[in-house]
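Let me begin by presenting the structure, written as structure tokens, before commenting on it.
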Number of protein chains: 2
Amino acid sequence: MIQKKRPTLYDVAKEANVSIATVSNVLNNKAEASEETVKRVNQVIKQIGYSRNESARSLKRGESKLIGLIVPDNNPFFTEILDGIQHECEYYDWQVVVATSEESEKRQNQLIDLLLAQQVSGIILAPVSDTLSYPKISKKTPIVLIDREVENVTLPVIKADNVDGCYKATKTLLRNGHKRIGLILASPGISTTVQRRHGYVEALNSQNIQIDEDLIQFGGNYTGTKAQIDGGYQAVMNMMKLTSPPTAIFATNHLLMIGALKALNELKLNIPKDMSFIGFDDHPWQEISTPKFTIVSQPAFEMGKQAIHALHKYKSSNETIKTSLPLQLIIRESCGTEK
Amino acid sequence: MIQKKRPTLYDVAKEANVSIATVSNVLNNKAEASEETVKRVNQVIKQIGYSRNESARSLKRGESKLIGLIVPDNNPFFTEILDGIQHECEYYDWQVVVATSEESEKRQNQLIDLLLAQQVSGIILAPVSDTLSYPKISKKTPIVLIDREVENVTLPVIKADNVDGCYKATKTLLRNGHKRIGLILASPGISTTVQRRHGYVEALNSQNIQIDEDLIQFGGNYTGTKAQIDGGYQAVMNMMKLTSPPTAIFATNHLLMIGALKALNELKLNIPKDMSFIGFDDHPWQEISTPKFTIVSQPAFEMGKQAIHALHKYKSSNETIKTSLPLQLIIRESCGTEK
DNA sequence: CTGAAAGCGCTTACAG
DNA sequence: CTGAAAGCGCTTACAG
């Protein structure tokens with residue numbers, strides 16, 4: 001329980017018989033000091049246990065070594081993105097401040113303000129809606145969008161190729177002979193929903209199958225694990241009440257998928273015998289479930305890594321990177337025989 | 001894309017015709033300004049969109065509004081803890097910097113240094129081992145332990161009552177007639193492992209059943225989801241090779257549980273017919289699995305909340321809170337008939 | 001290659 | 001109730 005205050009540059013300078021400017025230089029590898037001086041200073045630093053006061057540095061430089069991450073919630077998908085971000089931040093010597101918007105635009109914008117006040121080097125944002133009302137974006141403190149796009153501003157964005165991924169998943173179901181395919185979507189106001197729907201529609205169109213809006217259900221705008229699972233559950237219940245219910249269901253996120261499966265269970269519908277099913281986002285549980293589910297898997301970790309890359313690129317060369325990472329369809333046992 | 005620099009206290013002061021000290025006072029609710037002045041200053045603040053530079057404040061006060069969280073990895077248990085922490089930080093106007101130690105002590109200590117350099121108000125730590133080699137702990141920047149305890153330092157700690165929880169789980173198995181109960185533990189070097197083992201041993205002792213070390217398997221010190229699942233898998237495989245294999249298995253964390261179930265699947269052992277099973281940590285998947293698994297559930301969210309509480313308490317009154325939250329045994333269908 | 005000095009934007013005694 | 005001023009610990013031109 002040592003209470004004495006942290007040593008400063010002055011302490012190091014005094015001990016090493018140099019000026020604080022010199023200490024600062026060796027600290028920042030400015031290569032303006034003689035080899036001998038560098039060695040001596042470094043020795044003193046280690047000896048007295050000096051480490052830089054980042055607040056002071058941030059104040060002077062107008063920028064901290066912090067990166068902000070704002071996601072709607074901490075579900076496993078966003079957590080894996082965080083993993084990727086943390087991994088890559090290591091390289092740039094950045095640390096990550098996390099915050100959740102809980103799908104509230106007001107809260108999201110407050111969080112941006114808070115992060116800006118912390119002088120963060122940049123913000124990675126999974127926006128709550130398809131427009132961004134936030135004007136204070138500079139080259140120095142850029143916002144990089146992740147997962148979800150926005151219509152009214154040009155920003156770097158790292159996302160998944162939702163259209164293609166959902167097109168392929170739907171195609172697989174079509175190839176297996178299904179004509180009535182239920183689609184369960186999340187909240188209508190975000191780009192991923194629009195794009196996933198788009199992929200589905202394109203696949204049906206390619207087969208000249210009419211879109212039946214009754215087969216497209218929204219899991220609701222609800223926040224929270226339980227509410228989303230309920231959304232998936234309700235979606236299936238609604239579909240199965242139709243005069244002509246679907247013979248296959250495609251759930252476009254993990255929680256929706258769990259809710260949908262719960263409903264199917266209750267209805268005693270066997271997968272894949274009575275109902276074909278494709279889910280979203282892989283999870284270790286799927287290795288031991290029966291049947292093993294065919295799913296669309298997102299490269300979340302990679303998305304996180306690339307977001308930090310894009311952030312750095314934007315800061316260093318003002319380049320606006322827009323990347324659409326491929327979604328992987330992992331065929332297992334839940335949608336019939338054809339592989 | 002507004003590039004002009006952020007307004008400062010001076011800008012506000014000039015615009016409101018007061019000194020910067022006054023602006024600072026109203027900003028900090030120091031109640032030393034007349035009502036009229038407060039109103040005018042607040043109006044100017046809103047008008048020019050001022051928000052405080054936290055780096056400057058942190059430098060002056062020697063403390064930022066940041067809280068550090070160091071966990072071994074971002075598995076769902078720790079993510080739920082993060083949720084609780086974030087929730088509670090809202091109240092104290094703190095933000096959370098997250099970092100993962102990846103079960104490396106060296107990395108853990110580096111991260112503590114980095115966080116201290118950020119002048120964090122405190123650190124919540126799930127330590128990688130049962131001793132803490134870190135000396136720089138003050139009342140101002142305390143470390144609060146979460147989930148895992150440490151032997152050599154007295155610090156606030158918020159943990160689960162692992163002994164009791166595992167005692168009860170084992171007792172349930174014993175009551176159902178099992179005498180040979182396999183126990184799958186995580187890494188031996190951490191307090192949770194020791195305590196979970198202790199609960200198991202106590203339960204067997206209460207029944208005068210000899211401990212068979214062959215029935216106690218460690219999932220290994222491995223980091224990463226896959227390695228831990230493999231650990232659980234291997235543990236079961238080892239146990240089932242015994243001349244007298246267990247008739248019930250208790251897996252003491254979620255990943256270990258998944259691995260164990262995978263092994264049991266492969267061995268075509270039906271739960272609960274051929275094998276009783278109790279797992280750890282609840283998950284929505286369990287609502288739709290067959291059978292529904294009996295598990296020990298941890299109050300992770302609550303632990304996160306209480307950790308922030310304990311941190312605040314320690315800072316304000318130097319009180320060292322030690323809390324052991326009850327574990328909940330959720331009886332479902334995986335360990336026989338008796339409820 | 002090194003040092004003296006200004007200044008980043010705040011908070012906080014202190015004086016009035 | 002309000003203001004002038006010092007100082008938190010750095011970085012960075014600038015001078016030597």
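All values reported here derive from a predicted model rather than from experimental measurement. Below, read A as the first sequence line, B as the second, and so on, with proteins coming before strands; counting in each chain starts at 1.
When all heavy atoms of Pro127(B) and Leu125(B) are compared, the pair lying nearest together is CD-O, 3.3 Å. Across all non-hydrogen atoms, the minimal contact from Val128(A) to Gln108(A) is N-OE1, 2.9 Å. Of all heavy-atom pairs between Glu88(B) and Lys305(B), the closest is OE1-CE, 3.3 Å.
The distance between atom CD of Glu63(A) and atom C1' of dT12(D), rounded to the nearest whole Å, is 16 Å. Residue Asn25(A) contributes atom CG, which lies 14 Å from atom C1' of dA4(C) at whole-angstrom precision. Atom CG in Asn29(B) sits about 14 Å away from atom C1' in dT11(C), given to the nearest Å. Computed from coordinates, the Glu54(A) CD to dC10(C) P distance equals 19 Å when rounded to whole Å. Between the P atom of dC10(D) and the CG atom of Leu27(A) lies a distance of 8 Å, rounded to the nearest Å. Between the CZ atom of Arg40(A) and the P atom of dC1(C) there is a distance of 14 Å, given to the nearest Å. Across the protein-nucleic acid pair, Lys39(A) atom NZ and dC1(C) atom C1' stand 17 Å apart, rounded to whole Å.
Classified by interplanar angle (parallel below 30°, tilted 30° to 60°, perpendicular above 60°), the ring pair His309(A)/Tyr92(A) is perpendicular.
Remark: Phe301(A) engages His87(A) in a ring pair (Phe, Tyr, Trp, His ring centres under 6.0 Å) (not counting sequence neighbours).
For Asn28(B), taking side-chain heavy atoms from C-beta onward, the closest of the listed nucleotides dG3(D), dG3(C), dT11(C) is dT11(C).
For the residue pair Gln43(B) / Gln47(B), no side-chain donor-acceptor distance below 3.5 Å is found, with atom types taken as modelled. Defined by atom type and a distance below 3.5 Å, a donor-acceptor pair is present between the side-chain atoms of Ser129(A) and Glu105(A).
Of the residues near DNA chain D, Val23(A) and Val18(B), the one whose nearest nucleotide (by heavy atom distance) lies more toward the 5' end is Val18(B).
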Worksheet item: In dot-bracket form, how is DNA chain D paired, counting a Watson-Crick or G-U wobble pair only if both its distances are under 3.5 Å and using | for bases paired to another strand?
Response: |||.||||||||.|||
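For the pair Ser19(B) and dT2(D), the criterion of a side-chain N or O lying under 4.0 Å from OP1 or OP2 is not met. Regarding contacts with the backbone of dG3(C), a side-chain N or O of Thr22(A) is found under 4.0 angstrom from either OP1 or OP2. In this model, the phosphate group of dT2(D) is approached by a side-chain N or O of Ser34(B) to a distance below 4.0 Å at OP1 or OP2.
Counting any heavy atom pair closer than 4.0 Å across all strands shown, Ser58(B) reaches no nucleic acid atom.
Sparse packing is recorded around NZ of Lys39(A), with 12 or fewer heavy atoms of other residues, nucleotides or ligands lying under 6.0 Å away.
Across Arg61(B), Arg6(B), Lys65(B), Lys60(B), a single residue satisfies salt bridge (charged side-chain N to carboxylate O under 4.0 Å, His left out) together with Glu54(B), and that is Lys65(B).
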What nitrogen or oxygen pairs link the protein and nucleotides 6-9 of chain D at under 3.5 Å?
from	atom 1	to	atom 2	distance (Å)
dG7(D)	N2	Lys60(B)	NZ	3.4
dG7(D)	N3	Lys60(B)	NZ	3.4

